[in-house]
Amino acid sequence: MMSLISSIKLVLARPHPESYRFLLASGAATALGRYLGRRLNCPVLRGAGTASGLFFAFCLYFFRDPQRTPPPREGLAVAPADGRVVSVEKVAPPVELAMGDTPVWRIATFLSVLDVHVNRSPVAGSVARVAYHPGKFLNASLDKASTENERNAISIVLPDGRMVAVVQIAGLIARRIVCSVKPGDALEAGERFGLIRFGSRTDLYLPPGVTPLVSAGQTMIGGETVMAQLDG
């Protein structure tokens, strides 16, 4: 019963503000198409209204922004996004963040169009750098998407001076990366900082010496699933 209630709450979660323009346009098109279709007895207009209504429903689902509760314990890195872990491997941090070239653990999470697409800070800290990089729109589940796709990289300084990086990566369908933070902003673990539409990937780079607690194939819940323990 609790699982069913949680599923219903997830589907009915409030939409992210990024959705408002889509909801307004598709809602107006639905109403106008259905109204004129009936008045003019035009099946084409009625069909257009129905199609707009379906897109309206899709936007409500895609842009849902549920509340998430991070673990109360400090010193943890939580998932920056919902989705499925597609790779866990050691690679050099993004060049644009100037974090050096020493390989660190990278956890790549793929988001399908059915996942919640709101991005959340994996840690509590201060934003050091935000770097946008134009690129391709390859399938985000591919490994080369990390370096070849359009992306937005963010480095976050922990209270002890170590660095964590999160990279928002556009996918095959995605054409818009939204980032609401800038250098100097303070973030709490699990706090919203952006969104990608429609289908994408989010990479998390851990500090040197920190080992992931997740593996490829696992499903993440943004802002809640623990990905790594930063202390000890």
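Nothing here was measured: the structure is a model prediction, and the numbers come from that model.
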Heavy-atom closest pair, residues [X] and [Y]:
{"X": "Ala189", "Y": "Pro122", "value": "CB-O, 4.2 Å"}
{"X": "Leu158", "Y": "Ala124", "value": "CD2-O, 3.8 Å"}
{"X": "Gly49", "Y": "Thr30", "value": "O-CG2, 3.5 Å"}
{"X": "Ala92", "Y": "Tyr205", "value": "O-CE2, 3.7 Å"}
{"X": "Ile107", "Y": "Pro212", "value": "CD1-CB, 3.8 Å"}
{"X": "Cys179", "Y": "Ile154", "value": "SG-CD1, 3.7 Å"}

To the closest 0.5 Å, what do you measure between [atom1] ([X]) and [atom2] ([Y])?
{"X": "Ser112", "Y": "His117", "atom1": "OG", "atom2": "NE2", "answer": "6.5 Å"}
{"X": "Leu195", "Y": "Ser200", "atom1": "CG", "atom2": "OG", "answer": "8.0 Å"}
{"X": "Leu23", "Y": "Phe55", "atom1": "CG", "atom2": "CZ", "answer": "8.5 Å"}
{"X": "Asp115", "Y": "Arg84", "atom1": "CG", "atom2": "CZ", "answer": "9.5 Å"}
{"X": "Leu40", "Y": "Tyr35", "atom1": "CG", "atom2": "OH", "answer": "9.0 Å"}
{"X": "Arg106", "Y": "Leu204", "atom1": "CZ", "atom2": "CG", "answer": "11.0 Å"}

Using side chain to side chain contact (heavy atoms under 4.5 Å, CB included), reason through Asn41 and Arg46 one step at a time and then give a plain yes or no. CA-CA 8 Å; Asn41 192 27; Arg46 288 200 300 270; 3.5 Å; yes
Indicate, with yes or no, if [Y] and [X] share a hydrophobic cluster defined by side-chain heavy-atom contacts under 4.5 Å among Ile, Leu, Val, Met, Phe, Trp and Tyr.
{"X": "Val123", "Y": "Val85", "result": "yes"}
{"X": "Val157", "Y": "Val104", "result": "no"}
{"X": "Val78", "Y": "Met163", "result": "no"}
{"X": "Leu54", "Y": "Leu60", "result": "no"}
{"X": "Ile156", "Y": "Leu97", "result": "no"}

Applying side chain to side chain contact (heavy atoms under 4.5 Å, CB included) to Val210 and Trp105, what does each step give before you reach the verdict? CA-CA 8 Å; Val210 175; Trp105 284 105; over 6 Å; no
Using a strict cut-off of less than 4.0 Å between a Lys/Arg side-chain nitrogen and an Asp/Glu carboxylate oxygen, indicate whether [X] and [Y] qualify as a salt bridge.
{"X": "Arg162", "Y": "Asp231", "result": "no"}
{"X": "Asp65", "Y": "Arg192", "result": "yes"}
{"X": "Asp82", "Y": "Arg120", "result": "no"}

Under 3.5 Å: donor-acceptor pair, side chain of [X], backbone of [Y]:
{"X": "Gln168", "Y": "Val178", "value": "yes"}
{"X": "Thr202", "Y": "Thr109", "value": "no"}
{"X": "Ser180", "Y": "Phe193", "value": "yes"}

Could you check whether any side-chain heavy atom of [X] comes within less than 4.5 Å of a side-chain heavy atom of [Y], counting everything from C-beta outward?
{"X": "Pro80", "Y": "Asn119", "answer": "no"}
{"X": "Leu187", "Y": "Val181", "answer": "yes"}
{"X": "Lys182", "Y": "Asp185", "answer": "yes"}

Hey, can you pull the donor-acceptor pairs under 3.5 Å for the side chains in residues 218-226, sequence neighbours left out?
from	atom 1	to	atom 2	distance (Å)
Gln218	OE1	Ser215	N	2.7
Gln218	OE1	Ser215	OG	3.3
Glu224	OE2	Thr69	N	2.9
Thr225	OG1	Ile221	N	2.8
Thr225	OG1	Ile221	O	3.4

Is it true that, when you exclude Asp160 itself, more than 12 heavy atoms of the residues, nucleotides or ligands shown sit nearer than 6.0 Å to its CG? yes
So Val118 and Arg64, side chain to side chain contact (heavy atoms under 4.5 Å, CB included) or not? Walk me through it. CA-CA 8 Å; Val118 176; Arg64 63 199 189 283; over 6 Å; no
